[in-house]
Peer 1: 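Take a look at the following structure, please.
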Number of protein chains: 2
Amino acid sequence: MGIFLNTDYLKGFVSESEIKALVPAIEGAHKDLHEKTGAGNDFLGWVTLPSQIPDALVAELMALGKEVQSHSEAIISIGIGGSYLGIRSTLEFLGGDQKIPVYYAGHNMSAIDMGRIIKIVENKRVTVVVISKSGVTTEPALAFRIVDAAMKRKYSGEELKKRVICVTDEKKGALRQIAQSQEYRSYVIPDDVGGRFSVQTTVGLVPLALAGVDIKAFVDGFRTGEKEYANTNVLNNPCYQYAAIRNVLYKKGKTIEMMASFYPNVQYVTEWWKQLYGESEGKGGQGIFPASTILSTDLHSMGQLMQDGMRNIFETFLMIDTIDQSMVIPSQPEDTDKFNCVAGKELDWVNKQAYKATADAHFEGGVPNLCITLDKADAFHIGQLYYFFEKAVGISGYVLGVNPFDQPGVEAYKKKMFALLGKK
Amino acid sequence: MGIFLNTDYLKGFVSESEIKALVPAIEGAHKDLHEKTGAGNDFLGWVTLPSQIPDALVAELMALGKEVQSHSEAIISIGIGGSYLGIRSTLEFLGGDQKIPVYYAGHNMSAIDMGRIIKIVENKRVTVVVISKSGVTTEPALAFRIVDAAMKRKYSGEELKKRVICVTDEKKGALRQIAQSQEYRSYVIPDDVGGRFSVQTTVGLVPLALAGVDIKAFVDGFRTGEKEYANTNVLNNPCYQYAAIRNVLYKKGKTIEMMASFYPNVQYVTEWWKQLYGESEGKGGQGIFPASTILSTDLHSMGQLMQDGMRNIFETFLMIDTIDQSMVIPSQPEDTDKFNCVAGKELDWVNKQAYKATADAHFEGGVPNLCITLDKADAFHIGQLYYFFEKAVGISGYVLGVNPFDQPGVEAYKKKMFALLGKK
């Protein structure tokens, strides 16, 4: 069990002495995170949250999940940003084979998508979970208006009350008011955890429990991360090494980080990661541009540029060691395509050879790359991986010299939009 | 009907005189494309293909589609790169509401995904379409081995023959041999059109016809593009203007182009575009890095970096003018969330205000942006848009000084992989 970092393909791009030179800065960042002495220190609740999540809350949510699964055929999850990506990332990583399907609303303003959601509300027995700290973010607020109206056309009284669950601020905000006036069930989002770090709070745990995810194993993964990545011996802490490596590469003009995986179930993990890193570091004219790619699909699209384009890119592979599904390549009597050389082998073995070939070819083509490998694609490992990336971006952002916990830039378009909408 | 280019938010970033300075280079590139006098001139069949597609072929494929729809519940489409992205991009753009669902195989080596495909073959009446010029590209070849074996366990004789369709080279290659020896139906991929330009050949037309797309309107869109974008008056040709703009911006250090849309059905269009631009221009240490984002979803993830990160980005918005689905925002008596200001409005109207706010905010934040608007999300307009982007990348690549029609870099990993697989 665990998460492993391979840095073989950084040779000639990142030296041990360059990493060592960053050790004092990383130790300072570690201290700032743990003693809350750095910028954005109001939003450091996530650092020690895993060990503080009450086991009773986990048990309560798993019981809630069983209840909802007993009376619902579908879940509508309403949220955007950190109230959307971590949920979807986890469910897709786990293979999409949950006990009840989850449909996502409130992360865009597509009338077509919303039309499909309303059909589901009309035609299936559903439970709605709406996730918003303030309740006034445009996309989820409008989606909840539309979905809540559809729910009220179908259900009323106690039946309605048991089918709408609010995850929101403890005391203030529009969604808290709605939960109170409508007597909807509700769960509290803590104040000291920002949206992009919130998947281990009720923001993630409530919808994941509804879908039937083993949130106990998920929280255990976070707890393992909290323990392992507190190691101040930087050279033995893969999380801090990752933070150091990307800072070294950034200083050398590698301004794009491509998160690449040969496992398509990782696609939304890369979307979650893009928010975490883009929003934490992309400010004040600084910050690596996070991009993502699913291979070998994209070797036949972005492969040419990766091999031979501008050399401003480094690559972080995300691999999975053990896959449960067996898929043996059959032999062909005529061997027309000349692939009998791999007949009898597992498809996943060929997939892993494709990774090796790609890492080697990109390295030779001038793209330094590293690899993070998870033992298995289960709830425990995705929990640990989330903590790995959260801790690493806290360190990485402080080393870069930014406040990794604010997002001043996202206000600009909101102000303009509210003006266009005539909203006070 | 049509496609429109808005360049208002380039003010101060791209001047008319900078565009005019590129006119001679663009006129030269136009001549090279139309007279086949430039690099890669063996692969220029796509330039005049639309007007040369026989109406009889279109009619034949639409009849084939009707036949397949009469005896199949699902289509398995096997292909990678240009034999995958254009098909998926078109079907998702059109809303995913085709006559029969299409499942994609052969674009990765995921055992989990392949396990799902085999279950579909076992449990539904299916038709398989396999698309490969050579028949020896690893991913589709292995997928076809596995799927073909499953088909043979279920079907035989004439029933099998009518359920497997090959799209491949006219004479040579492993898939042509297999089609002949197994007596599978087959269609020919022309020699003078590269994979990423092939959606208007049988590569796209066959599977799209099977799924029930109006390929006549689709081809008409291409034909309109062929006619409109042959205009040598650069300043009146939006396709050539787009090519000029991106070259001006690239020279000024805008090394990342973000294709952004407020319409989620456009997501795979941006993936198709990434292959077209990444593979055509990303070579010899040059070329804009193509990235994509779906809004307003990603405003809550990549929005911070777009507003306030490194200023090496420009943005190309892809908008749709008229949406068929009505979705009115309901009023709320209490107005808890203060959104009664938009009660009674269409959700798509709010979506378009979000675009305006974003374009304006990003421009003020130092991100130049342009906007391509399609009148409608139908088969005609996606055909025209594909031609727009194909013609523009031909011009843009020549102006940049690369051969936009080769892909030398994609061979590097293939060689290494074949060595690891023990393939001759």
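Side-chain atoms are counted along with the backbone in the values below, which use heavy atoms only and exclude waters and symmetry mates.
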Peer 1: Return the NZ to CG distance between Lys414(A) and Leu299(B), rounded to the nearest 0.5 Å.
Peer 2: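 It comes to 9.5 Å.
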Peer 1: The criterion is salt bridge (Lys or Arg N to Asp or Glu O under 4.0 Å); which residues satisfy it with Asp348(A), sequence neighbours excluded?
Peer 2: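 By the salt bridge (Lys or Arg N to Asp or Glu O under 4.0 Å) rule, Asp348(A) matches Lys352(A).
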Peer 1: Just verifying a value: how many Å separate Glu334(B) CD and Ile178(A) CD1, rounded to the nearest 0.5 Å?
Peer 2: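 Those atoms lie 7.5 Å apart.
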Peer 1: Could you look at Ile112(B) and say if it's the side chain, the backbone, both or neither that has a heavy atom under 4.5 Å from chain A?
Peer 2: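 Both parts, backbone and side chain.
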Peer 1: Less than 4.5 Å to any heavy atom of chain A: does that hold for the side chain of Ala291(B), its backbone, both, or neither?
Peer 2: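 Contact with chain A involves the side chain of Ala291(B) alone.
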Peer 1: If you count heavy-atom pairs within less than 4.5 Å of chain A, which of Ala111(B), Ala412(B), Gly82(B) leads?
Peer 2: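 Option with the top pair count is Ala111(B).
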Peer 1: With only heavy atoms counted, which part of Tyr277(B) is less than 4.5 Å from chain A, the side chain, the backbone, both or neither?
Peer 2: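 Neither part.
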Peer 1: Measure Ala354(B) against the heavy atoms of chain A and call it side chain, backbone, both or neither at under 4.5 Å.
Peer 2: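 Both backbone and side chain of Ala354(B) come within 4.5 Å of chain A.
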Peer 1: Is chain B contacted by the side chain of Asp360(A), its backbone, both, or neither, given a heavy-atom distance below 4.5 Å?
Peer 2: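 Both backbone and side chain of Asp360(A) come within 4.5 Å of chain B.
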Peer 1: Can you tell me which portion of Ile294(B) sits under 4.5 Å from chain A's heavy atoms? Options are side chain, backbone, both or neither.
Peer 2: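 For Ile294(B), there is no contact with chain A at all, as no heavy atom is under 4.5 Å.
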Peer 1: Is there a donor-acceptor contact under 3.5 Å from the side chain of Thr297(A) to the main chain of His107(B)?
Peer 2: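 Judged by distance alone, yes, a pair lies under 3.5 Å.
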Peer 1: Please tabulate, for side-chain N and O atoms in residues 302-313 of chain A, each donor-acceptor pair with protein atoms closer than 3.5 Å (sequence neighbours left out).
Peer 2:
| from | atom 1 | to | atom 2 | distance (Å) |
| --- | --- | --- | --- | --- |
| Gln304(A) | OE1 | Gly409(B) | N | 2.6 |
| Gln304(A) | NE2 | Asp308(A) | OD2 | 3.3 |
| Gln304(A) | NE2 | Gly282(B) | O | 3.1 |
| Gln307(A) | NE2 | Ala361(A) | O | 2.8 |
| Asp308(A) | OD2 | Gly284(B) | N | 3.3 |
| Arg311(A) | NE | Gly309(A) | O | 2.8 |
| Arg311(A) | NH1 | Met306(A) | O | 3.0 |
| Arg311(A) | NH1 | Gln307(A) | O | 3.1 |
| Arg311(A) | NH1 | Gly365(A) | O | 2.8 |
| Arg311(A) | NH2 | Leu305(A) | O | 2.9 |
| Arg311(A) | NH2 | Met306(A) | O | 2.9 |
| Arg311(A) | NH2 | Gly309(A) | O | 3.2 |

Peer 1: From Ile117(A) CD1 over to Met327(B) CE, what is the distance, rounded to the nearest 0.5 angstrom?
Peer 2: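 Ile117(A) atom CD1 to Met327(B) atom CE measures 9.5 Å (nearest 0.5 Å).
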Peer 1: Please walk me through it: do Thr336(A) and Gln177(B) pass side chain to side chain donor-acceptor pair (under 3.5 Å)?
Peer 2: CA-CA 7 Å; Thr336(A) 321; Gln177(B) 278 181 263; 5.4 Å; no
Peer 1: Between CG of Leu347(A) and CG of Leu142(B), what distance do you get to the nearest 0.5 Å?
Peer 2: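 The CG atom of Leu347(A) sits 6.5 Å away from the CG atom of Leu142(B).
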Peer 1: So what's closer than 4.5 Å to chain B heavy atoms on Tyr84(A): side chain, backbone, both or neither?
Peer 2: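 For Tyr84(A), the side chain is the part near chain B, not the backbone.
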Peer 1: Minimum heavy-atom separation for Tyr413(B) and Ala357(A), please, with both atom names.
Peer 2: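 Smallest interatomic distance, heavy atoms only, reads O-CB, 3.6 Å.
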Peer 1: Side chain from CB out, backbone as N, CA, C, O: work out which of these in Tyr263(B) comes under 4.5 Å of a heavy atom of chain A, or both, or neither.
Peer 2: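 Contact with chain A involves no heavy atom of Tyr263(B) at all.
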Peer 1: Pick one of side chain, backbone, both or neither for Lys415(B), based on which atoms fall under 4.5 Å of a heavy atom in chain A.
Peer 2: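 Contact with chain A: none, neither part.
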Peer 1: What residue, out of Val402(B), Leu85(B), Thr255(B), Asp298(B), has the most heavy-atom pairs lying under 4.5 Å from chain A?
Peer 2: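 Of Val402(B), Leu85(B), Thr255(B), Asp298(B), Thr255(B) has the most heavy-atom pairs under 4.5 Å with chain A.
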Peer 1: Of all of Ile256(A), Ile323(A), Thr358(A), Ile329(A), which one pairs up most often with chain B through heavy atoms under 4.5 Å apart?
Peer 2: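 Sorted descending by pairs with chain B, the first entry is Ile256(A).
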Peer 1: Which of the residues Gly81(A), Ser110(A), Gly287(A), Pro330(A) is involved in the greatest number of heavy-atom pairs with chain B at under 4.5 angstrom?
Peer 2: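 Top option by heavy-atom pairs under 4.5 Å: Pro330(A).
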Peer 1: Please classify the contact between Trp272(B) and chain A as side chain, backbone, both or neither, with a heavy-atom cut-off of under 4.5 Å.
Peer 2: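 Neither part, no heavy atoms under 4.5 Å.
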Peer 1: If I measure from the heavy atoms of chain A, does Val328(B) come under 4.5 Å with its side chain, its backbone, both, or neither?
Peer 2: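 Only the backbone of Val328(B) comes within 4.5 Å of chain A.
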Peer 1: Could you tell me which portion of Leu276(B) (side chain, backbone, both or neither) has an atom closer than 4.5 angstrom to a non-hydrogen atom of chain A?
Peer 2: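 Neither part, no heavy atoms under 4.5 Å.
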Peer 1: Heavy-atom pairs under 4.5 Å with chain B: which of Ser326(A), Ser134(A), Pro290(A) has the most?
Peer 2: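 With the most close heavy-atom pairs to chain B, the winner is Pro290(A).
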Peer 1: Find out whether Thr137(B) and His300(A) are in side-chain contact, i.e. whether some heavy atom of one side chain is under 4.5 Å from a heavy atom of the other.
Peer 2: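 Yes, close enough: below the 4.5 Å cut-off.
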Peer 1: To the nearest 0.5 Å, what is the distance between CD1 on Ile80(B) and OG on Ser301(A)?
Peer 2: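 Reported value, rounded in 0.5 Å steps: 8.5 Å.
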Peer 1: Taking all heavy atoms of Ser296(A) and all of Met109(B), pick out the closest pair and write down the distance.
Peer 2: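 Shortest heavy-atom separation between Ser296(A) and Met109(B) comes out as OG-CE, 4.1 Å.
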Peer 1: What part of Thr138(B) is in contact with chain A, defined as an atom under 4.5 angstrom from a non-hydrogen atom: side chain, backbone, both or neither?
Peer 2: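 When you check distances to chain A, atoms from both the backbone and side chain of Thr138(B) fall under 4.5 Å.
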Peer 1: Given that the side chain runs from C-beta out, which part of Glu364(B) has a heavy atom under 4.5 Å from chain A: side chain, backbone, both or neither?
Peer 2: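 Interface part for Glu364(B): side chain.
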Peer 1: Heavy-atom distance under 4.5 Å to chain A: side chain of Gln353(B), backbone, both or neither?
Peer 2: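 Both backbone and side chain of Gln353(B) come within 4.5 Å of chain A.
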Peer 1: Between Asn108(B) and chain A, which part of the residue has a heavy atom less than 4.5 Å away: side chain, backbone, both or neither?
Peer 2: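 For Asn108(B), the contact with chain A is made by backbone and side chain together.
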Peer 1: Anything in residues 417-424 of chain A with a heavy-atom distance to chain B below 4.5 Å? Please list those residues in order.
Peer 2: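 Counting heavy atoms that sit under 4.5 Å from chain B, the residues of residues 417-424 of chain A involved are Met417(A), Phe418(A), Leu420(A), Leu421(A), Gly422(A), Lys423(A).
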Peer 1: In terms of heavy-atom pairs under 4.5 Å with chain A, which of Ala174(B), Gly285(B), Cys341(B), Gly278(B) leads?
Peer 2: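 Most heavy-atom pairs within the cutoff with chain A belong to Gly285(B).
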Peer 1: Applying side-chain hydrogen bond (donor to acceptor under 3.5 Å, both in side chains), which residue pairs with at least one partner in residues 142-151 of chain B are found, sequence neighbours left out?
Peer 2: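 Those involving residues 142-151 of chain B are Asp335(A)-Arg145(B), Asp337(A)-Arg145(B), Asn340(A)-Arg145(B), Asp148(B)-Lys152(B), Asp148(B)-Tyr184(B).
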Peer 1: Specify which of Leu295(A), Val342(A), Val350(A) makes the most heavy-atom pairs with chain B at under 4.5 Å.
Peer 2: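 Ranked by heavy-atom pairs under 4.5 Å with chain B, first place is Val350(A).
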